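Structure, as structure tokens:
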Amino acid sequence: MAMMSKPQPQPRRQSFKVLASEYEPGLKPLLECDGAWEGPPQIGTHLDDPEPDIEHCSILPEPCLRPGLPGSLAAEAWSRGRWLVGLLILQSSSSFVLSGYSDLLERHLVVTLFLTMLVGAGGNAGNQSAIKVIRGLATGALRPTLGMLRATLARQAIVGLLLASGLASAGWVRVYLTAGDPRHASAIALSLLLIVNTSVLVGTALPFALARLGVDPANAGTSIQVVMDVMGVLITCACCRLVLDQLAGVLRHAPPLP
């Protein structure tokens, strides 16, 4: 009896359009594809190809316009500018945090000297995580589901703890060499530990959240920098007040050891 041949899996099919009308009403579609491919879709564009290769057509995250198309520059500036204005307003809220801790910063000037180091480390760590997730969502390796979010957060929590521990140790040495005070070094190192941990988790979750809301996850790259600027200032001031004021006060009034 002849063996029946195993049916070959059919490649996935995808139809999509890149519509200029989303930017300029009345314009015709720039590109239409109805083809098959194997493997995950690749990011890119073939808008300028007279006969695009159907096997390598891309799923574009948002409509793309030919360079020089009427209205394209204004549309891009509006799309990006309104997001940047929102981030600008959010970032300015860090001034309220600083004003609320002005007395702490006056007594411990060394905190202000390393504030940019702290918020910068948080932004960098969060941006790394965000880019990793954005790439996964773009290539299809990740999907914006709650199960995938939980699995990714669990993995990044461990990575964040390792990163935070290493950066906090390096930060302690850096501050101690400059200020020569282990209290200041410990306060800033604790701040750095919490900032990096928080940043890695927020940077991981933010692209998922934007994708679930129907917003381009690529915006997470700029957003995480601003979010961690504000959160980094708040975490730093709270930790330094706890270590340098409250904890130091408790130790100062504690009875001497026998």
Side-chain angles (χ1 to χ4, degrees), residues 11-19 22 30-31 33 35-49 52-65 67 76 79-84 86-87 90-91 119-167 195-229 231-232:
R12 294 172 293 173
R13 300 186 66 82
Q14 175 73 19
S15 298
F16 66 91
K17 293 181 179 180
V18 180
L19 294 177
E22 295 200 15
L30 296 179
L31 176 66
C33 280
W37 71 88
E38 295 182 359
Q42 301 297 315
I43 289 184
T45 177
H46 297 278
L47 295 181
D48 295 326
D49 293 346
D53 185 354
I54 296 300
E55 290 186 358
H56 295 88
C57 279
S58 306
I59 297 180
L60 303 178
E62 59 184 19
C64 296
L65 301 180
E76 180 180 353
S79 176
R80 295 169 57 180
R82 59 186 178 181
W83 190 267
L84 292 175
L87 294 177
L90 176 61
Q91 193 168 30
V119 297
N124 292 337
N127 200 29
Q128 285 182 336
S129 298
I131 291 175
K132 184 179 181 68
V133 174
I134 292 169
R135 185 187 300 117
L137 292 172
T139 60
L142 297 176
R143 300 182 305 278
T145 62
L146 293 179
M148 189 69 73
L149 171 61
R150 286 193 294 266
T152 307
L153 281 174
R155 176 180 176 84
Q156 289 300 308
I158 300 175
V159 175
L161 182 60
L162 296 174
L163 290 174
S165 300
L167 289 173
I195 288 172
V196 173
N197 262 316
T198 303
S199 182
V200 169
L201 294 178
V202 174
T204 300
L206 192 56
F208 282 99
L210 294 180
R212 297 274 294 186
L213 294 173
V215 181
D216 186 359
N219 288 311
T222 54
S223 302
I224 186 61
Q225 297 279 353
V226 175
V227 169
M228 289 314 304
D229 278 355
M231 293 184 65

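In this text, all values refer to a predicted model and were calculated from it rather than measured experimentally.
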Value rounded to 0.5 Å, distance of OG1 in Thr152 from CG in Leu142: 5.0 Å
Test log, rule side-chain contact (heavy atoms from CB on, under 4.5 Å), inputs Trp83 and Asp216: CA-CA 11 Å; Trp83 190 267; Asp216 186 359; over 6 Å; no
Test item: Ser199 side-chain N/O and Gly126 main-chain N/O as donor-acceptor pair under 3.5 Å: yes
Separation between CD1 of Ile134 and CG of Asn127, rounded to the nearest 0.5 Å: 7.5 Å
Heavy-atom closest contact (Ile195 atom, Gly232 atom, distance): CD1-O, 3.6 Å
Shortest non-hydrogen contact from Arg143 toward Leu137: C-CD2, 3.9 Å
Rounded distance [0.5 Å steps], CG in Asn124 versus CE in Met228: 11.0 Å
Minimum-distance pair of heavy atoms, taken over all atoms of Ser129 and Gln156: OG-OE1, 3.6 Å
CD1 (Ile158) with more than 12 external heavy atoms under 6.0 Å: no
Contact summary for Ala164 and Asn197, nearest pair of heavy atoms: CB-ND2, 3.7 Å
Which atom of Val196 lies closest to which atom of Ala125, heavy atoms considered: CG1-CB, 4.0 Å
Heavy-atom closest pair, residues Asn219 and Val215: ND2-CG1, 3.7 Å
Side chains of Val133 and Pro217 in contact at under 4.5 Å (non-hydrogen atoms): no
Any side-chain heavy-atom pair of Ser165 and Leu161 under 4.5 Å: yes
Leu153 and Phe208: CA distance, side-chain angles, deciding distance, side-chain contact (heavy atoms from CB on, under 4.5 Å) verdict: CA-CA 11 Å; Leu153 281 174; Phe208 282 99; over 6 Å; no
